[in-house]
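What follows is a short report on a single structure.
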Amino acid sequence: MITKTALITGASSGIGLELAKLFAKNGFYLILVARSEERLEKLADELRYEHHVQVATFAKDLTDLNEIQSLFQIIEEENIFIDFLVNNAGFGDYGYFVESDWHKIHQMINLNMTSLTYMTHLFLQRMKKEGRGRIMNIASTAAFQPGPLMAVYFATKSYVLNFSEALFEELKEFNITVTTYCPGATATNFSNEANTNNSKLFKNRKLPTAAKVAEYGFMAMMQGKRLAIYGFMNRVMVFSTRFTPRSIVLKITKFILKE
Ligand SMILES: NC(=O)c1ccc[n+]([C@@H]2O[C@H](COP(=O)([O-])OP(=O)(O)OC[C@H]3O[C@@H](n4cnc5c(N)ncnc54)[C@H](OP(=O)(O)O)[C@@H]3O)[C@@H](O)[C@H]2O)c1
């Protein structure tokens, strides 16, 4: 049996880390990418030991396109075909846009949109040649409406949703699937990074674990689904935004995001 390889970005914590465990458990070879070298190496050791799979780690800052290019070059030189590409790395930022730190906002745009698009463009070329491949881009339930108090984050996730769904349709004829995965609020380090711990969306709520959320996304990717939204209530919420006036959706979203 030929072993398949999955590349996962943002594999050092949260949903990406749990996805890495699932791929390893299912016998995939892995390429894990994030900035924290130590955390990636620790995870890689665990996975090699528990599941006897090959795991390579790359400590890369994906906001830097040169680092993405160098990662791609190494993988090409080793002649590794990426059967499964998971663009998971991303972060958010909470607060009034006018008061936000420009550097952080710019990095978020770079990571959530530019790096995801560049990774997809690079690794798609060989998938098209081989006539197979699966991509999963992690968006969010934030993708379905504007998000006052997290304006840029919500907008980046709308981009991921629209970009990925368009690709799903384009790539059908090449036997490549693109799954857009939309988790809702999940118990990871995301809320610390984004300063959302006091927002009603995260505070005093029993959030699903990253393991549960990863499992649902993994299944959706394996099935080649176009869109997957985690959780019944999230699906209801997304569905209801289609029939609710935009002005009301804005007010409700702001209320939910407020501290
Ligand atoms: N948690 C939620 O509530 C939630 C809800 C919906 C969608 N999401 C989305 O799910 C995805 C995963 O987030 P998570 O919840 O698992 O958060 P997390 O635990 O904070 O994980 C984020 C991952 O991205 C990596 N990362 C951050 N900046 C990076 C950079 N510049 N270069 C390379 N890697 C970088 C982090 O690793 P390093 O720090 O080691 O680089 C980490 O592995 C994100 O796209 C997020 O937007 C999360």
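Start at 1 and go down the list; that is how both ligands and their atoms are numbered.
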(message) Please determine whether residues V238 and L250 belong to a single hydrophobic cluster, defined as Ile, Leu, Val, Met, Phe, Trp and Tyr linked transitively by side-chain heavy-atom distances below 4.5 Å.
(response)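 Different clusters.
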(message) If hydrophobic clusters are built by linking Ile, Leu, Val, Met, Phe, Trp and Tyr wherever their side-chain heavy atoms come under 4.5 Å apart, do V178 and F144 end up in the same one?
(response)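 Looking at the clustering, F144 is in a separate group from V178.
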(request) Assess the pair F190 and Y153: is the distance between their ring centroids shorter than 6.0 Å? (result) yes
(message) Students often mix this up, so state it plainly: with edges at 30° and 60°, are the rings of F28 and F23 parallel, tilted or perpendicular?
(response) perpendicular
(request) If the plane angle is over 60° it's perpendicular, under 30° parallel, otherwise tilted; pick one for F243 and F239. (result) perpendicular
(request) Please work out which of G92, G217, S12, S115 has its closest non-hydrogen atom nearest to atom 37 (O) of ligand 1. (result)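 The option holding the nearest heavy atom is S12.
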(request) Name the option, out of G10, A210, S13, A185, that contains the heavy atom nearest to atom 19 (O) of ligand 1. (result)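 Looking at heavy atoms only, the winner is S13.
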(message) Heavy-atom pairs closer than 4.0 Å: do any link ligand 1 to the side chain of L111, the backbone, both, or neither?
(response) side chain
(request) Select one of side chain, backbone, both or neither to describe which atoms of N88 lie under 4.0 Å from any atom of ligand 1, heavy atoms only. (result) both
(message) When you measure from the heavy atoms of Q107 to every atom of ligand 1, does any distance fall below 4.0 Å?
(response)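 No, that is not the case, since the closest heavy atom of the residue is not under 4.0 Å from the ligand.
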(message) Students should be able to answer this: which protein heavy-atom is nearest to atom 22 (C) of ligand 1, and at what distance?
(response) G90 O, 3.9 Å
(message) Please list, in number order, the atoms of ligand 1 under 4.0 Å from a heavy atom of I138.
(response) 9 (C), 10 (O), 11 (C)
